[in-house]
Amino acid sequence: MKYGRTYNFSAGPAMMPEEVLEEIAAEMMNYRGSGMCVMEMSHRSKVFQEILDEAKADIKKLMDIPDNYKILFIQGGGTLQFSMIPMNLMKNGVACYVETGAWSKKAIAEAKKVGEVKVVASSADKKFSYIPDCSDLDIPANADYVYICENETIHGLTYHKLPDTKGVPLVSDQSSMFLSRPCNVADYGLIWGGVQKNIGPAGMAVVIIREDLIRDDLDDKLPIYMNYKTHADADSLYNTPNCWAIYCCGKVFKYLLKNGGLEAMAKRNEEKAAVLYDFLDQSKLFTGAVVKEDRSLMNVPFVTPSKEQDADVVAATKAAGFDNLKGHKSVGGLRASIYNAMPKEGVEALVEFLSRYEKEHA
Ligand SMILES: *Cc1c(COP(=O)(O)O)cnc(C)c1O
């Protein structure tokens with residue numbers, strides 16, 4: 001690792017590709033002859049408009065987003081989307097949610113403030129250690145959408161097969177798996193991701209929404225910022241957007257395109273995760289928290305037999321130069337988040353360290 005940087009296993013904000021950070025540093029004082037930093041630039045300037053247009057074109061290419069979807073950059077991070085989704089999409093006032101962990105629970109709590117929520121499947125019975133069967137969900141005909149958190153960051157679960165929504169639009173929170181593997185956008189009504197997990201700086205979400213879900217009848221019903229139509233009509237420039245985040249995310253989109261796109265990312269991420277899971281599967285000290293079929297390639301929670309030992313391992317990893325391996329406070333244990341930008345060498349070094357720790361404490 002250059003610059004004395006650390007292998008940072010944080011769930012978010014998380015590592016960004018070194019090459020991207022170097023480019024940003026090089027453009028910091030004078031962005032391409034504009035005489036200013038992107039942070040200092042008018043969002044109405046031609047130079048910023050180009051940054052925005054390119055970011056949109058690049059993510060469209062990366063995800064192969066069909067023309068009938070809008071790409072929106074909205075502030076308020078991930079959490080604002082828990083509210084915006086029901087406020088905009090609950091036309092009939094009924095939505096179905098699949099409950100798989102902390103982030104889907106938060107989404108459910110916010111949706112309940114807006115309308116009727118049917119929890120159509122849940123893995124709460126086994127501490128969110130698996131993805132429930134979603135092949136034949138009881139979805140009312142008048143449901144406005146079916147909501148999933150496609151990768152539960154805290155519990156380390158991911159969907160390897162999407163639910164059968166019986167024709168009802170699927171809404172997916174992809175925050176912690178955004179751009180980690182190919183996804184067929186046409187399978188969804190709306191995909192969104194807070195960008196600080198797998199892409200760039202915190203404070204913004206990318207929302208990819210099918211045009212027919214953007215409503216014309218909400219102008220005098222919703223706060224203007226909360227209406228998807230506001231952002232769609234103004235091309236994400238209704239007010240001053242998070243210019244800096246758009247710029248940094250745009251750089252990451254280009255980096256991903258240059259490095260083989262999402263197919264290549266998926267392959268890398270599978271190989272990387274296998275290094276850690278193979279170790280956990282044979283370890284007598286560390287145990288993975290999730291059933292094999294539903295394990296996340298991005299967030300890997302694991303435990304030792306005791307809380308005291310969990311804490312001891314966290315402290316030992318920190319002393320050895322690995323950062324942020326403590327599990328989320330709601331579940332304890334340890335968690336390694338290994339997003340796109342975590343190099344395979346980082347995971348290999350961690351496994352080597354954990355393996356040595358295990359031998360020393362046998
Ligand atoms: C982090 C996260 C969020 C919330 O993002 P904020 O930007 O902190 O509001 C929502 N969903 C998932 C899956 C997340 O990992």
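Numbers here are sequence positions counted from 1. First listed ligand is number 1; within each ligand, the first listed atom is number 1. Predicted, not measured: the structure shown is a model, and the values here were computed from it.
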Going by heavy atoms in the side chains, are [X] and [Y] under 4.5 Å from each other?
X	Y	answer
Asn269	Arg181	no
Ser180	Met265	no
Trp103	Thr153	yes

Specify the protein heavy atom at minimum distance from [atom]: its residue, its atom name, and the distance to 0.1 Å.
atom	result
atom 11 (N) of ligand 1	Asp173 OD2, 2.6 Å
atom 9 (O) of ligand 1	Thr79 OG1, 2.5 Å
atom 15 (O) of ligand 1	Thr153 OG1, 2.4 Å
atom 14 (C) of ligand 1	Lys197 NZ, 2.8 Å

For [X], the ligand 1 atoms whose distance to one of its heavy atoms is below 4.0 Å:
X	value
Gly77	7 (O)
Gly78	4 (C), 5 (O), 6 (P), 7 (O), 9 (O)
Ser175	10 (C), 11 (N), 12 (C), 13 (C), 14 (C)
Cys149	13 (C)
Gln196	5 (O), 6 (P), 7 (O), 8 (O)

How far does OG of Ser236 sit from CD of Gln75, to the nearest 0.5 angstrom?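 Going from OG on Ser236 over to CD on Gln75, the span is 10.0 Å.
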Between Asn8 and Asn324, do the side chains contain an N or O donor and an N or O acceptor separated by less than 3.5 Å?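 Yes, because at least one side-chain N or O of Asn8 sits under 3.5 Å from a partner of the opposite role on Asn324.
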Would you say the side-chain atoms of Glu150 and Tyr188 include a donor-acceptor pair closer than 3.5 Å?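 Yes, a side-chain donor-acceptor pair sits under 3.5 Å.
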